[in-house]
Amino acid sequence: MKHQIRNVLLAAIFSFFIVDIVMASDDYEKLKPFVDKIEAGIPKNWRVVEKKQGEIPEWHYENMEYSGPKGIYLYIVGDHDVDYEWKDREGVWHKKPFYKEAIRLWIMPSDYKQSWKRFFVFKGHVTPPGIYLGKQIKIYAKEDVYRDPSLPWRGLKKEFPNAFTYAGAPEHTVRSWITWKEDIKKLLEDMDNTDLGL
């Protein structure tokens with residue numbers, strides 16, 4: 001009897017994981033044409049440095065469990081330098097090119113939604129907003145910075161001499177692709193309104 005119960009439980013757990021894998025694969029196949037369209041449409045001076053599947057927008061479910069639909073994450077980088085700013089102990093502000101402009105994108109299935117519980121997370125992180133909420137997909141995105149991991153890091157004291165206060169990088173970092181939100185929307189609108197037969 002104990003062996004039968006154990007076998008039933010193992011079968012149920014195994015079935016759960018199989019269903020989860022199938023659903024994740026199905027979401028990926030539906031989203032992939034849109035991701036390919038974005039990658040093909042970014043400016044020539046931009047490139048994809050990271051792509052992951054099975055992701056959800058950053059901080060949307062901060063300190064919460066999540067078991068809903070997942071999407072594809074893209075981290076794209078331009079060639080424009082972004083300054084890092086700091087103030088020294090004499091009160092003089094300094095800045096130097098330290099990062100590259102970047103955009104983080106989460107391409108999600110249309111049935112993805114943010115939990116209403118998120119509004120009760122006090123002092124939580126700022127979440128990436130939706131820039132395109134279409135029939136088949138939703139796009140969440142934010143501007144960011146990127147530093148090539150192959151570049152040397154000499155430590156705070158050497159990188160930012162005599163620093164007393166760090167302002168960091170600005171909130172809006174993209175300079176070489178100002179219309180990125182509008183351009184991504186245009187790239188996807190026609191495809192989103194077309195039945196892809198997936």
Side-chain angles (χ1 to χ4, degrees), residues 31 34-64 66 70-108 112 114 118 121-133 137-188:
L31 297 173
F34 295 99
V35 175
D36 292 343
K37 186 79 170 180
I38 293 172
E39 289 188 70
I42 63 178
K44 292 181 178 179
N45 62 319
W46 284 71
R47 60 192 172 95
V48 177
V49 294
E50 189 175 3
K51 178 163 65 173
K52 293 181 181 179
Q53 66 181 91
E55 297 288 312
I56 63 172
E58 186 177 51
W59 307 120
H60 272 204
Y61 281 80
E62 186 174 4
N63 299 325
M64 292 182 278
Y66 179 76
K70 296 181 179 180
I72 299 173
Y73 164 70
L74 282 183
Y75 191 10
I76 58 177
V77 176
D79 62 3
H80 185 82
D81 288 328
V82 177
D83 290 332
Y84 192 96
E85 299 185 10
W86 75 97
K87 184 169 68 174
D88 65 25
R89 297 182 183 280
E90 283 71 47
V92 179
W93 281 96
H94 305 265
K95 63 180 179 180
K96 74 172 184 178
F98 194 71
Y99 300 106
K100 294 293 184 182
E101 58 186 347
I103 300 169
R104 296 181 185 268
L105 294 164
W106 289 265
I107 299 90
M108 306 299 296
Y112 172 80
Q114 194 171 355
R118 183 67 183 75
V121 178
F122 300 105
K123 296 184 179 180
H125 291 82
V126 176
T127 60
I131 65 163
Y132 181 79
L133 307 177
I137 60 165
K138 293 178 179 178
I139 307 288
Y140 298 84
K142 70 171 188 176
E143 296 184 18
D144 210 327
V145 293
Y146 174 78
R147 182 166 172 82
D148 191 327
S150 67
L151 293 175
W153 168 248
R154 302 178 300 162
L156 287 171
K157 290 183 179 180
K158 289 186 177 180
E159 294 288 356
F160 315 114
N162 198 27
F164 181 71
T165 302
Y166 298 95
E171 180 181 355
H172 298 289
T173 62
V174 176
R175 293 292 180 269
S176 70
W177 189 15
I178 300 297
T179 58
W180 66 271
K181 293 180 184 178
E182 293 78 10
D183 292 347
I184 289 175
K185 290 177 186 177
K186 289 177 182 177
L187 277 173
L188 302 177

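Interatomic distance, CG of L105 versus CD1 of I139, reported as 6.5 Å (0.5 Å rounding). Note that CH2 of W93 is 10.5 Å distant from CH2 of W86, once rounded to the nearest 0.5 Å. For the atom pair NZ of K138 and CD1 of I131, the computed distance is 14.0 Å after rounding to the nearest 0.5 Å. The structure places NZ of K96 at 13.0 Å from CD of E85, a figure rounded to the nearest 0.5 Å. A distance of 11.0 Å separates CD1 of I103 from OH of Y75, quoted to the nearest 0.5 Å. Rounding to the nearest 0.5 Å places CZ of R89 at 6.0 Å from CG of N162.
The side-chain heavy atoms of E58 and Y73, taken from C-beta on, include no pair separated by under 4.5 Å. No side-chain heavy atom of D88 sits under 4.5 Å from any side-chain heavy atom of P161. Residues Y140 and Y112 have side chains in contact (heavy-atom distance under 4.5 Å, counting atoms from C-beta outward). Counting heavy atoms from C-beta outward, I42 and W177 have side chains that approach closer than 4.5 Å. Y132 has its side chain out of reach of I184: every pair of non-hydrogen atoms, C-beta onward, lies at least 4.5 Å apart. Side-chain atoms of W180 and W46, non-hydrogen and from C-beta on, never get closer than 4.5 Å to each other. Taking the side chain as every heavy atom from C-beta outward, S176 and E101 approach each other to under 4.5 Å.
With sequence neighbours left out, K100 forms a salt bridge (charged side-chain N to carboxylate O under 4.0 Å, His left out) with D81.
Heavy-atom minimum distance, E159 versus P152: OE2-O, 3.8 Å. Of all heavy-atom pairs spanning P128 and P57, the tightest one is CG-CB, 4.0 Å. A pairwise comparison of heavy atoms in A102 and V174 identifies O-CG2, 3.8 Å as the closest pair. Taking all atoms of both residues into account, the shortest heavy-atom contact from Y84 to A169 is CD1-N, 4.2 Å.
Applying the salt bridge (charged side-chain N to carboxylate O under 4.0 Å, His left out) test to every pair with at least one member in residues 42-52, sequence neighbours left out, gives these pairs: E39-K51, E50-K52.
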* To do: Quick one: do F164 and E90 satisfy side-chain contact (heavy atoms from CB on, under 4.5 Å)? Show the steps, please.
  => CA-CA 9 Å; F164 181 71; E90 283 71 47; over 6 Å; no
* Asked: After noting the C-alpha distance and the side-chain angles of Y146 and V49, does the key distance pass the side-chain contact (heavy atoms from CB on, under 4.5 Å) rule?
  -> CA-CA 9 Å; Y146 174 78; V49 294; 3.9 Å; yes
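Atom CD of E171 is surrounded by 12 or fewer heavy atoms from other residues, nucleotides or ligands within 6.0 Å.
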